[in-house]
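Heavy atoms only: backbone and side chains are in, while hydrogens, waters and symmetry mates are out. Chain letters run A, B, ... following the sequence lines, proteins first, then strands; residues in each count from 1.
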2 protein chains.
Amino acid sequence: MNLNYRHLQYFWVVAKEGSVTRAAERLGVAVQTVSGQIGQLEKSLGRTLFAPQGRGLVLTEAGRIALGYADQIFLLGEQMTDALLDGAAEKPRLAVGISDALPKLVAYRLIDAALGLSMRPVCYEGKFENLLADLALHRLDVVLTDRPADLMSNLRVFSHSLGEWDIMIYGSGMLAGRFRAGFPQSLDGAPMLLPTRNNALRGRLDQWFQSNSIRPDVVGEFEDSALLMTFGRTGLGLFPAPVALAGDVAEHFNAESVGLVPGVQEHYYAISSERRIRHPGVEAILSVPRNLDSEAGDASDIMSNQLEKGGGSGGKG
Amino acid sequence: MNLNYRHLQYFWVVAKEGSVTRAAERLGVAVQTVSGQIGQLEKSLGRTLFAPQGRGLVLTEAGRIALGYADQIFLLGEQMTDALLDGAAEKPRLAVGISDALPKLVAYRLIDAALGLSMRPVCYEGKFENLLADLALHRLDVVLTDRPADLMSNLRVFSHSLGEWDIMIYGSGMLAGRFRAGFPQSLDGAPMLLPTRNNALRGRLDQWFQSNSIRPDVVGEFEDSALLMTFGRTGLGLFPAPVALAGDVAEHFNAESVGLVPGVQEHYYAISSERRIRHPGVEAILSVPRNLDSEAGDASDIMSNQLEKGGGSGGKG
DNA sequence: ATTTTTCCTTCGATAAAATCGAAGCATGAA
DNA sequence: TTCATGCTTCGATTTTATCGAAGGAAAAAT
């Protein structure tokens with residue numbers, strides 16, 4: 001009994017894309033191929049990884065477990081290829097892990113700062129915990145995310161605030177015009193795309209809605225903020241994003257501002273494995289927010305999730 | 001450009017076995033298959049992974065890098081298969097990581113204690129750092145090793161001493177008899193197999209040799225202690241091992257005791273991700289040494305490499 | 001209620017790959 | 001030199017992956 005990594009790779013793409021059809025498209029093969037290979041994987045493991053739901057598929061419990069491993073495995077594979085393919089070139093690399101929930105545009109803005117230093121960014125996405133583990137193992141230089149590292153985690157990493165980014169509600173074309181008048185009360189009943197409930201910003205927005213007696217019609221919830229905005233682009237609903245990205249949001253998602261959400265900020269963090277940043281690329285990233293959105297003053301202090309004075313080792317008796 | 005994981009797997013086995021021929025044997029395919037597939041991998045990466053040396057092969061620099069990744073990738077694959085294949089059975093699992101330097105017999109003795117609890121041990125080997133990372137991610141319950149977790153590590157883990165194991169010099173057949181008389185001075189000039197210099201026991205032994213003006217003839221150095229003893233079995237030289245294993249050493253390695261090394265002990269450690277052990281299997285392992293070699297008293301205190309009072313987080317301003 | 005559309009799956013033929021036998025080529029030992 | 005060992009190359013063969021065609025089942029549209 002041996003694991004077939006090609007099957008696993010197909011499984012991984014399907015799980016990521018959420019559909020056999022899209023996975024087949026991305027892989028450049030026919031759907032029935034993908035379907036068949038996954039069937040073989042399930043047979044060899046003796047467990048079903050997907051269960052039919054509607055006309056689509058959802059991961060089973062075993063599937064979720066497998067996805068966790070697959071993420072790690074193929075992240076390593078990519079990293080290996082990166083390290084070997086042009087590792088000879090040895091240009092200064094900046095290995096960045098990007099959390100799903102972080103808007104891609106924010107990530108771009110942050111990493112862009114390092115490009116000026118003729119750094120070659122190598123970006124990976126993945127589950128928050130796995131990215132932190134890679135950080136601890138020095139496979140990544142920094143992780144960009146929307147929440148500080150969990151205090152309960154077993155990894156000793158350091159969270160650096162990238163400041164507070166004011167949040168604005170956007171809408172594509174007609175939507176923006178329709179709800180701009182009478183903001184924010186106009187949002188009552190308005191179609192809205194929001195992050196899923198495990199997201200910090202979602203909590204703050206819900207609170208703000210409640211205190212203003214606004215009950216939006218939540219037409220979609222997304223873990224991946226890029227996906228959220230892509231749906232927003234189609235006019236499915238209004239959506240939140242940082243004020244600082246207004247230009248980019250207009251350009252890429254064809255959306256205009258509806259109104260500023262007062263008192264609600266999104267927090268972004270750069271997580272490093274060292275308290276004291278040494279990598280020039282990471283330093284560049286940390287210096288971004290002060291130039292970007294901080295009319296309100298410098299809000300970039302360092303939060304450590306660990307006591308630094310390590311080594312409470314008791315010798316033996 | 002896409003990494004072919006089957007090719008990588010062949011590369012991995014060849015690198016581990018040190019020879020295409022043996023790898024082919026282990027994989028159950030013809031040598032020219034293995035050779036061909038590795039050639040394709042090298043072509044797709046644009047780098048040679050093996051260089052000919054004599055009539056064999058050695059890893060190139062790129063090959064060593066690739067091996068590091070491959071180790072991780074296929075360890076994950078194994079773990080995934082383990083987790084899924086009979087995960088349904090959900091017998092209590094005890095996932096143990098075993099450091100290379102730990103004698104397999106010691107590992108066996110320790111894990112054996114958990115078997116009484118009808119635990120199903122799942123053992124992995126690997127580089128120390130990688131095992132610790134797996135521990136921090138809760139993919140392993142405990143790591144058994146010959147040194148405490150590095151204080152400098154970015155992982156928050158706890159090292160529990162498994163006591164001090166007195167060390168004895170062993171030798172197979174004739175060797176033992178030849179050097180037993182006049183021990184320890186007889187060791188001067190004696191052929192000796194020792195751990196590599198990065199090993200803690202090696203340091204202590206060297207010190208003891210020096211203070212007794214003994215200069216053994218070091219005929220071999222090994223990272224893997226099982227390999228060391230296997231060579232010892234052939235009569236290549238004397239070798240050190242814990243006294244407590246005398247019976248096993250005699251049985252498996254056909255070697256008798258030459259003499260006790262006074263004042264030199266080997267330290268073993270169980271590393272866990274929690275300060276307070278909860279897993280009954282891990283508890284069983286921790287209780288072993290007291291029953292095994294401690295006429296000299298109980299020497300099982302807990303060493304933490306971390307201050308426990310976590311959460312030195314500074315809020316934002 | 002029915003049709004249509006959208007997905008996923010199954011079946012058998014076809015294309016691609018991995019594999020193996022045979023032969024060749026180096027290196028170190030006899 | 002000759003032999004033994006270990007890796008590689010070449011072409012035939014087997015195994016595996018892939019795709020066209022057809023079918024079924026759930027949601028959306030009528």
Using atom [atom1] of [X] as one end and atom [atom2] of [N] as the other, report the distance to the nearest whole Å.
| X | N | atom1 | atom2 | answer |
| --- | --- | --- | --- | --- |
| A:Tyr5 | D:dT16 | OH | P | 18 Å |
| B:Gln37 | D:dC7 | CD | P | 16 Å |
| A:Arg22 | C:dC8 | CZ | C1' | 14 Å |
| A:Gln40 | C:dC11 | CD | C1' | 14 Å |
| A:Ile38 | D:dA17 | CD1 | C1' | 14 Å |
| A:Lys43 | D:dT16 | NZ | C1' | 13 Å |
| A:Leu57 | D:dA27 | CG | P | 13 Å |
| A:Glu25 | D:dC19 | CD | P | 13 Å |

(request) Check whether more than 12 heavy atoms from other residues, nucleotides or ligands sit under 6.0 Å from atom CZ of B:Arg215, and answer yes or no. (result)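 Not buried by this count: 12 neighbours or fewer within 6.0 Å.
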(message) With a 6.0 Å cut-off (strictly less than), is the heavy-atom count around CD of A:Gln185, excluding the residue itself, greater than 12?
(response) yes
On the nucleotide [N], are OP1 or OP2 found under 4.0 Å from the side-chain N or O atoms that [X] carries?
| X | N | result |
| --- | --- | --- |
| B:Thr21 | D:dC7 | yes |
| B:Asn4 | C:dA18 | yes |
| B:His7 | C:dA17 | no |
| B:Ser35 | D:dT9 | no |

(request) Could you check A:Gly56 against A:Arg6 and say which one's nearest nucleotide on DNA chain C is further toward the 5' end? (result) A:Gly56
Close side-chain approach of [X] to [Y], heavy-atom, < 4.5 Å:
| X | Y | answer |
| --- | --- | --- |
| A:Val20 | A:Leu57 | yes |
| A:Leu140 | A:Tyr124 | yes |
| B:His252 | B:Leu105 | yes |

(message) Run the ring pair (Phe, Tyr, Trp, His ring centres under 6.0 Å) test against B:Phe11 and tell me which residues pass, sequence neighbours left out.
(response) B:Phe50
Pick out the pairs of N or O atoms, protein on one side and nucleotides 28-30 of chain C on the other, that lie under 3.5 Å.
none

(request) Classify the ring geometry between A:Phe239 and A:Tyr170 as parallel (under 30°), tilted (30 to 60°) or perpendicular (over 60°). (result)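 Geometry flag for A:Tyr170 against A:Phe239: parallel rings.
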(request) Write out all pairs satisfying side-chain hydrogen bond (donor to acceptor under 3.5 Å, both in side chains) with one or both partners inside residues 21-34 of chain A, taking only residues at least two apart or from two chains. (result)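 side-chain hydrogen bond (donor to acceptor under 3.5 Å, both in side chains) check on residues 21-34 of chain A returns A:Glu17-A:Arg26.
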(request) Only pairs at least two apart or in different chains count here, so list each side-chain hydrogen bond (donor to acceptor under 3.5 Å, both in side chains) that has a residue in residues 70-79 of chain A. (result) A:Trp12-A:Asp71, A:Lys16-A:Asp71
According to salt bridge (charged side-chain N to carboxylate O under 4.0 Å, His left out), who are the partners of [X], at least two apart in sequence or on a separate chain?
| X | value |
| --- | --- |
| A:Asp146 | none |
| A:Arg6 | none |
| A:Glu256 | A:Arg180 |
| A:Lys43 | none |

(request) List in numerical order all residues of residues 8-18 of chain A for which some heavy atom is under 4.0 Å away from an atom belonging to DNA chain C. (result) none
(message) Can you pull out every ring pair (Phe, Tyr, Trp, His ring centres under 6.0 Å) where at least one residue sits in residues 173-192 of chain A? Sequence neighbours excluded, please.
(response)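 Passing the test, one end in residues 173-192 of chain A: no pairs.
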(message) Please give the stem ranges for DNA chain C, sorted by first residue number, where a stem is three or more consecutive Watson-Crick or G-U pairs and both donor-acceptor distances are under 3.5 Å.
(response) C:1-30 with D:1-30
Could you run down the sub-3.5 Å N/O contacts of the protein with nucleotides 20-24 of chain C?
residue : atom : partner : partner atom : Å
C:dC20  : OP2  : B:Ala30 : N            : 2.5
C:dC20  : OP2  : B:Thr33 : OG1          : 3.3
C:dG21  : N7   : B:Gln32 : NE2          : 2.4

